[in-house]
Amino acid sequence: MSADPTPRHSRRHFLRQSVGFGAALSFGGLADLASLAAQESDPWHGERLADLVFQGEPRDPLGTRIASGLNARRYTDLSKIDRDRLVTPTREFFLRTDVPDQLDRDRPWRITIDGLARRPARRSPDDLEPHVRPKGVHLIECAGNSRATRFGLMSTAEWSGVPLEQLLREVEPLPTAKAVRITGFDQHSQGSTNSEAGCSWIFTRHQLVSAGAFLATRMNGQALPLEHGFPARLVVPGWYGCCCIKWVQRVELVDGEQPATSQMREFAARTHQDGVPRRAADFRPATIDRAAMPVRVEKWRVDGKIRYRVVGIDWGGDRSVGKLRIRFHPQNPYQPVTTQPEGDSSRWAVWHHLWAPIVPGRYLIQLEIGDPPVLSRRLGAGLYLRGIAVDEV
Ligand SMILES: Nc1nc2c(c(=O)[nH]1)N[C@H]1C(S)=C(S)[C@@H](COP(=O)(O)O)O[C@H]1N2
Ligand SMILES: [Mo]
């Protein structure tokens with residue numbers, strides 16, 4: 001039977017596809033939960049029995065590289081996130097597209113900074129070095145992150161690099177230079193089945209400055225690994241991964257009339273554009289909306305009772321506003337998560353929710369941000385729903 005009364009297409013689709021919702025309902029047990037919530041500041045004194053498996057998600061291995069070239073992927077195991085483990089170790093950082101096999105590692109690397117500039121320049125990694133500064137922890141999420149990738153196309157790292165605006169000022173942009181086209185090296189001898197080669201994005205100068213975009217040369221305190229774009233990759237904090245060009249080769253000052261790049265067209269839908277705008281200037285900033293999802297559901301025995309603790313993340317958008325609310329069945333009202341996420345917007349923040357379901361069955365974990373509502377299109381469309389099966393209460 002289906003217990004989904006809601007008209008929303010994505011929800012129906014998800015339920016049909018992956019959860020096959022049972023009859024189980026959660027009634028809360030509020031007093032009980034309040035006393036558990038009081039314990040939340042202390043570590044639980046009970047016994048952690050196991051973590052539940054998210055239902056209807058592929059079983060691809062996490063944390064290891066799959067496929068090669070343009071199709072190469074490594075999914076980060078988000079279930080390892082915790083308040084004291086907010087940064088993804090470099091070897092677990094997600095990978096989308098491996099080092100192009102035509103990249104000649106022996107040839108000295110130069111970044112050409114030219115176009116509408118008085119003093120075009122070519123910069124070597126050694127030229128950048130003296131300007132490299134710590135840039136803090138930033139999250140990157142691939143715009144193609146989804147249930148099919150177990151949401152693992154998302155990671156955080158601590159970056160160092162050179163602000164793009166600094167490199168631009170050095171070449172003395174002309175007044176006609178409204179925008180900047182940043183292009184990476186992308187010559188693969190093998191094409192891809194699901195992605196075009198040629199990674200290039202056009203930004204306005206204002207967008208780069210206000211996002212604090214930088215050319216990253218270090219990641220988690222080490223030289224940037226080749227697979228993540230050595231010697232330099234673009235990081236645009238708060239924007240989707242498709243804008244974070246790896247193996248940057250050229251930074252070109254251009255006018256405001258440039259056609260969108262093939263990369264921009266490929267990612268138009270996934271970055272919430274209206275159709276596929278012809279001009280780069282008609283693209284909206286490819287910023288990550290506020291979103292949240294559970295990453296782990298722990299099953300505990302506390303004072304002889306079975307209890308569940310849902311651990312999740314909240315990321316993207318503006319995190320200074322909005323309360324995170326949760327429900328476990330589409331017919332139930334949302335209620336605030338026990339411990340609201342804390343932290344700034346550049347990384348993910350961790351939240352906890354204590355849960356005592358009344359009956360075993362299949363549950364669907366849904367989140368919303370309200371009070372006030374904030375722009376969270378993917379969350380609202382059901383992209384980050386996760387299902388679990390509870391066998392014991
Ligand atoms: N040169 C180049 N840069 C690229 C890509 C690419 O294919 N080629 N892929 C982009 C996409 S879609 C994403 S999500 C991120 C992934 O970065 P990572 O592999 O370091 O995690 O790199 C971006 N930069
Ligand atoms: Mo991506």
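Side chains are part of it too, since the values below use all heavy atoms of this structure and drop only hydrogens, waters and symmetry mates. Both counts, for ligands and for their atoms, begin at 1 and track the order of listing.
For Tyr240, no heavy-atom contact with ligand 1 is shorter than 4.0 Å. Counting heavy atoms under 4.0 Å from ligand 1, residue Cys142 touches it through both backbone and side chain. In Phe94, the parts holding a heavy atom less than 4.0 Å from any atom of ligand 1 are both the side chain and the backbone. Under 4.0 angstrom from ligand 1, the non-hydrogen atoms of Leu95 come from both its backbone and its side chain. The proximity of Glu141 to ligand 1, defined as any non-hydrogen pair under 4.0 Å, does not occur for either the backbone or the side chain.
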Item to check | Full working for side chain to side chain donor-acceptor pair (under 3.5 Å) between Ser155 and Thr76 | outcome: CA-CA 7 Å; Ser155 309; Thr76 294; 2.7 Å; yes

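Close contacts of ligand 1 with Trp247, meaning ligand atoms under 4.0 Å from a residue heavy atom, involve 1 (N), 2 (C), 8 (N). For ligand 1, the atoms sitting less than 4.0 Å from at least one non-hydrogen atom of Phe267 are 12 (S), numbered in the order shown with element in parentheses. The ligand atoms of ligand 1 that sit less than 4.0 angstrom from a heavy atom of Phe93 are 21 (O). Close contacts between ligand 1 and Phe185 involve ligand atoms 1 (N) [criterion: under 4.0 Å to a heavy atom].
Residue contacts with ligand 1: Glu227 is placed with no nitrogen or oxygen under 3.5 Å of a nitrogen or oxygen of the ligand (distance criterion only). Distances between N or O atoms of His228 and those of ligand 1 include at least one value under 3.5 Å. Residue Leu70 has no nitrogen or oxygen atom sitting less than 3.5 Å from a nitrogen or oxygen atom of ligand 1, judged on distance alone.
Glu342 has no carboxylate O lying under 4.0 Å from a charged side-chain N of Arg83, or vice versa, which leaves the two without a salt bridge. Salt bridge annotation for Arg284-Asp274: present, with a cationic side-chain nitrogen under 4.0 angstrom from a carboxylate oxygen. Salt bridge present: Glu165 and Arg205 bring a charged side-chain N and a carboxylate O closer than 4.0 Å.
Atom CZ of Phe151 is separated from atom CD1 of Ile313 by 10.0 Å, given to the nearest 0.5 angstrom.
Between the choices Asp186, Thr97, Asn145, the shortest heavy-atom distance to atom 8 (N) of ligand 1 belongs to Asp186.
Residue Glu170 forms a salt bridge (charged side-chain N to carboxylate O under 4.0 Å, His left out) with just one option from Arg118, Arg123, Arg119, and that option is Arg123. When Trp159, Phe94, Phe93 are each tested for a ring pair (Phe, Tyr, Trp, His ring centres under 6.0 Å) with His228, only one passes: Phe93.
Using bins of under 30°, 30° to 60° and over 60° for the plane-to-plane angle, the ring pair Phe267/Trp201 lands in the tilted bin.
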